[in-house]
Number of protein chains: 2
Amino acid sequence: MSDISRNGAGGGGQPGRIGIGLELDEIHMKILEVLRENGRISVAALAERVGISRANAYTRFEALRADGAIKRFTAEIDHVRAGLGITALIFVTVRQQMWKQFRAELARMPEVEYCAITTGQHDAMIQVRVSDVAAVHTMVTDRLANIPAVKATETVFILDEVLRRPYVLPSDRDRDRDRSRPSRRPVQEGAQSGVPLGKMRFVGAAEGRAALRKDD
Amino acid sequence: MSDISRNGAGGGGQPGRIGIGLELDEIHMKILEVLRENGRISVAALAERVGISRANAYTRFEALRADGAIKRFTAEIDHVRAGLGITALIFVTVRQQMWKQFRAELARMPEVEYCAITTGQHDAMIQVRVSDVAAVHTMVTDRLANIPAVKATETVFILDEVLRRPYVLPSDRDRDRDRSRPSRRPVQEGAQSGVPLGKMRFVGAAEGRAALRKDD
DNA sequence: GTTGAAATTAGTACGAA
DNA sequence: TTCGTACTAATTTCAAC
């Protein structure tokens, strides 16, 4: 289980259009909405909530699963209750052309919950869950630093997780737009909103890093 | 749905011990292991895989749910298929004593999938999923920058998501330790592993930020 | 904490609209 | 395609051990 998505750097699909596979209509989206909130709902109950027949619900449910739009069903676990009270983010600078090795090592670290390749100052961000702060230290100095692919790390602790949505869907945005922005003007220019631009910074990829993903 | 966990800054629980509520034994952990991989498995099948009777499985299943160790069941959705091909991380510096406002505004932004309060240079990290790069720009300049609580932002794009585990459990670490480290020496000192310490950096909280969580 | 049997519900197949 | 119904298989509940 290696790559869980293929986000191109800048080539985002048009809103509403899906590249290959199943064409997702409004009812598909409704199904996804229900399922991300209650992954254990029966297909019969799902059909009722979405407003389609049971047979149809079974067909669409299977189609979404087969197509990969639904990747899996999972239980969200309280890691504190489970004994992993410490969460940290480790930003990693990876030596070029050693991504393959880095990924292989990641797979051997069960305390890593999430890893993403990013633009900006660092190359990757990994999120780890451990039982105590010492384990973070061990993780970074003992395990990560011993990987030749790792050039440098920077660690921050997560003090609180304010929000985690099961999975964001385009329909959420539409709903919000209707609620809080009755008349939405099209995006034209960055400075159009009268916001002091000095407040924010966009950080692009370092030189020569655009090709990194091709390593494996 | 505001705070999804109560991670203390440094006060991690002892490994294996859970503060309040249900005492989780080995079988509970096994149940969680199965459920995080297959959230839709029937309790009957779960009982068989864990090696207990069905009645027992039902009891424990309900206990885990009631206790909050299982927070919810959800479907993992392929955001690219769903039309949200762009993922970005926005690091936010929040004005002190305006956290409450910041959180309230977050709740009104459906494109935010995750938000954590961190130590280090910034105060919070938010992950957003949108349909195109322009939407990130709009999000940052139009929406975030208009929140008085937001002092500054720094945005990076996620090029690829290498790894996402449903939820890390302590038993994963044990399994890994058995597999790759037959004799584990106790952690004593940072420099003990012979690793060049210059490679890594731990970033603590900025001054006066320890009290931030008490704002709400 | 376990097993077994009844009641309920889920999943499948197929014809009609 | 979608719906409705009838059929089969499985799950959940509940009881006794």
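Labels below follow one simple rule: chain letters A, B, ... track the order of the sequence lines, proteins then strands, and each chain is numbered from 1.
Closest to the side chain of B:Tyr58, out of D:dT2, D:dT12, C:dT3, is D:dT12. Taking the side chain of A:Ala55 as heavy atoms from C-beta on, and the options D:dC3, D:dT11, C:dT2, the nearest nucleotide is D:dC3. In this structure, the nucleotide among D:dC3, C:dT2, C:dG11 sitting nearest to the side chain of B:Asn56 is C:dT2. Side-chain proximity of B:Ala44 to the nucleotides D:dT12, D:dG4, C:dG1 is greatest for D:dT12.
B:Val130 approaches B:Val136 most closely through the heavy-atom pair CG2-CG2, 3.4 Å.
Atom P of nucleotide D:dA10 and atom CD of B:Glu48 are separated by 12 Å, given to the nearest angstrom. Across the protein-nucleic acid pair, A:Ile27 atom CD1 and D:dC3 atom P stand 7 Å apart, rounded to whole Å. Atom CD1 of B:Ile41 and atom P of D:dT12 are 10 Å apart (whole Å).
Ion pairing between a basic and an acidic side chain is recognised when a charged N comes within 4.0 Å of a carboxylate O; B:Lys30 and B:Asp25 show no such pairing. With respect to the salt-bridge test (charged N to carboxylate O, under 4.0 angstrom), the residues B:Arg72 and A:Asp78 do not qualify.
Considering only side-chain N and O atoms, B:Ser42 lies under 4.0 angstrom from the phosphate OP1 or OP2 of D:dT11.
The aromatic ring centroids of B:Phe91 and A:Phe91 lie less than 6.0 Å from each other.
A donor N or O paired with an acceptor N or O is not found under 3.5 Å between the base of D:dG4 and the side-chain atoms of A:Arg54.
Place A:Ala57 and A:Arg40 on DNA chain D by their nearest nucleotides, and A:Ala57 ends up nearer the 5' end.
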